[in-house]
Amino acid sequence: MAENSTAKSPATPWHERAAQLSIDGRAFINGQRVWACSEQQFDSHSPIDGRKLAAVARCDGADVDIAVAAARAAFEDGRWANLAPAKRKRILIRFADLLQQNSAELALLETLDMGKPIQYSQSVDVAGAANCIRWYGEAIDKVYGEIAPAPSHSLALITREAVGVVGAIVPWNYPMLMASWKIAPALAAGNSIVLKPSEKSPLTALRLAELALAAGVPPGVFNVLPGYGNEAGSALALHMDVDCIAFTGSTRVGKQIMQMAGQSNLKRAWTELGGKSANIVCADCPDLDAAVSAAIGSIYFNQGESCNAPSRLFVEESIRERFLEKALAMVPSFAPGDPLDEKTVMGAIVDDIQLRTVMGYIEQGKQAGARLLAGGEQVKKESGGYYVAPTLFDRVDSSMSIASEEIFGPVLSVLSFTDLQDAVKQANATPYGLHAAVWTSNLSKAIQTSRALRAGTVHVNQYDGDDITVPFGGYKQSGNGRDKSLHALDKYTELKTIWIQVK
């Protein structure tokens, strides 16, 4: 049950809904809500104001064993995998419909659990998750096998089959959206799933499982285990009966996941990891106002808690002062506000641990000699929540930790350049390779720079304008495999060759 707390800001209809919200923190295994075998629990607190939201099941290896067994049984008897593609399609579309029908509840859970503004929980997280599930549902009966060239006495078929039991571990920054990026293509391909959400934001994942069951996804096909990474997450990655593990999170943990996959049953391991994305603005940028708006809006969106946030901003020296003047004029509009107010554009940091991490990097930036032009402080302390002012550093160089390490907070580092090739070299001088961007009116320069940047996605004269139709993932230590688009199906299917002798 949600616990009431005295709002520190004027009440909104969302505050009233939050006060009446009933939250079930039990795990979801084989179509039923259950507590952990150990009966252990942990409390979920809201970063908005510190209120306790719910007691949540603290699952561990014993619960993983039960959930994996349920998922395996569901896969082997074909209750989902063997359904006609058109039927699986109808069920996933119904699942997406139910997300939209319950959008207010899901958005409220997401905002309360991880602190993002309610307007974005509705328009980005719930809408994006529903769209993702619908898109893969629609794709089910539109993906064909192949017939290979073969002699006249043979027929060579190349088909895709479900991997089997998929383990998915998702982060706290976009809990519902990241879950949908895993479960939608995995379900579309006919797999069974055991999902472990972050212990910092488990609530919407649990609700998703209930809605999937209501839509017609059979019991055992979609299971959700809340718990800690070193207890439930590692047990899932090490499990000998999990065929594939899909992880989104930090590069440090991603490396551990791949090691666990290798030391167990050599399960397929797919990772979407950290980033330190470079945003390069040339003097011939076609629209400086648009470049400023994208740079500021993208780094402060979701409180900077995005793996693809353009946290390194390279601005050509001849336009740097103009750019900064325009940027600083925008920063106050991103001041943190009450996440349950629909006018708020920047909310709370997910918890006190992440708050300390962000503030630590800000202090490192100051000590290293970067020029702090905005923010740099914790705000709204009286709320009981975790809020950081939008922060902007100028005169940053690539040796500083704020320019080389993923902060996961509302901190923008501005570096200047006079030579584009040098800017690209600096942009690539990172272990990461998730996203990048270049702003220029010169088409040749745009194409050459896009090719030179070592990143999974390169934006030209925009940032974050892509959608579900294109793959998402990175080079180097930003991970392997791709989420989104039809390419995501590659992770959750096996290719099978069937060679038939024809007499």
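These figures come from a predicted structure and were not determined experimentally. When a residue number appears, it is its place in the shown sequence, counting from 1.
- Residues Thr251 and Gln477 have side chains that never bring a donor and an acceptor to within less than 3.5 angstrom of each other.
- With salt bridges taken as basic N to acidic carboxylate O contacts below 4.0 Å, one links Asp466 and Lys484.
- Judged purely by atom type and a 3.5 angstrom limit, Asp43 has no side-chain atom pairing as donor or acceptor with the backbone of Ala55.
- Considering only heavy atoms from C-beta on, Leu208 comes within 4.5 Å of Met176 through its side chain.
- A donor-acceptor distance shorter than 3.5 angstrom exists from the side chain of Asn428 to the backbone of Ala452, with no hydrogens or angles considered.
- Taking the six-membered ring for Trp and the full ring otherwise, the centers of Trp181 and Phe472 sit less than 6.0 Å from each other.
- Checked for salt-bridge contact, Glu406 and Lys276 miss the test: no charged N lies under 4.0 Å from a carboxylate O.
- Shown here for Ala71 and Val194, the closest heavy-atom pair between the two residues is CB-CG2, 4.1 Å.
- For the pair Ser250 and Leu273, the minimum side-chain heavy-atom distance is 4.5 Å or more.
- Remark: the Asn308 side chain and the Asp464 side chain contain an N/O donor-acceptor pair separated by less than 3.5 Å.
- Without hydrogens or angle criteria, Asn442 side chain to Ser444 main chain gives a donor-acceptor distance under 3.5 Å.
- Side-chain contact check for Ser192 and Trp80: no donor-acceptor pair (N or O, by modelled atom type) lies under 3.5 Å.
- Rounding to the nearest 0.5 Å gives a distance of 8.0 Å between CD1 of Ile133 and CG of Leu187.
- Here the side chain of Arg482 pairs no donor or acceptor atom with the backbone of His487 at under 3.5 angstrom.
- The shortest non-hydrogen separation linking Ala437 to Gln462 is CB-O, 4.2 Å.
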Test log, rule side-chain contact (heavy atoms from CB on, under 4.5 Å), inputs Leu195 and Lys182: CA-CA 9 Å; Leu195 171 68; Lys182 308 296 188 195; 5.5 Å; no
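- Using a 4.0 Å cut-off between charged side-chain N and carboxylate O, Lys491 and Asp483 make a salt bridge.
- Side-chain N or O atoms of Ser264 include one that pairs as donor or acceptor with a backbone N or O of Ala261 at under 3.5 Å.
- The pair Glu110-Lys116 does not count as a salt bridge, with every side-chain nitrogen at least 4.0 angstrom from each carboxylate oxygen.
- A salt bridge does not link Glu199 to Arg58: none of the charged nitrogens lies less than 4.0 Å from a carboxylate oxygen.
- With ring centers used as reference points, Phe28 lies 6.0 Å or more from Phe222.
- Arg72 has a carboxylate O that lies under 4.0 Å from a charged side-chain N of Asp243, or vice versa, which qualifies the two as a salt bridge.
- For the pair Ser485 and Tyr136, the tightest heavy-atom approach, listed with the atom from each and the gap, is O-OH, 2.6 Å.
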Between Thr440 and Cys285, does a side-chain contact (heavy atoms from CB on, under 4.5 Å) hold up when you go through it step by step? CA-CA 4 Å; Thr440 175; Cys285 167; over 6 Å; no
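- With hydrogens and angles ignored, the 3.5 Å screen pairs a side-chain donor or acceptor of Arg312 with a backbone N or O of Ala427.
- Side-chain N or O atoms of Glu305 include one that pairs as donor or acceptor with a backbone N or O of Val350 at under 3.5 Å.
- The minimum heavy-atom distance linking Phe42 with Ala57 is given by the pair CE2-O, 3.5 Å.
- Taking the centre of each ring, Trp172 and Phe408 come in below the 6.0 Å mark.
- For Arg88 (side chain) and Ala188 (main-chain N/O), a donor-acceptor pair under 3.5 Å exists by modelled atom type.
- In plain terms, the two heavy atoms of Pro410 and Ile349 that are nearest each other are CD-CD1, 3.9 Å.
- Closest non-hydrogen pair, Leu203 versus Asp113, comes out as N-OD2, 3.1 Å.
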Would you check, one step at a time, whether the test side-chain contact (heavy atoms from CB on, under 4.5 Å) holds for Tyr300 with Leu412? CA-CA 8 Å; Tyr300 298 140; Leu412 178 61; 4.2 Å; yes
One pair to check against ring pair (Phe, Tyr, Trp, His ring centres under 6.0 Å): Tyr120 and Phe301. What are the steps and the verdict? CA-CA 9 Å; Tyr120 297 134; Phe301 182 76; 4.8 Å; yes
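- Asp125 places no side-chain N or O within 3.5 Å of a backbone atom of Ile118 that could act as its donor or acceptor partner.
- At distances below 3.5 Å, at least one donor-acceptor pair connects side-chain atoms of Asn265 with backbone N or O atoms of Met240.
- Using modelled atom types, one finds a donor on one side chain and an acceptor on the other under 3.5 Å when comparing Asn279 with Trp439.
- Using a 4.0 Å cut-off between charged nitrogen and carboxylate oxygen, Arg134 and Glu138 do not count as a salt-bridge pair.
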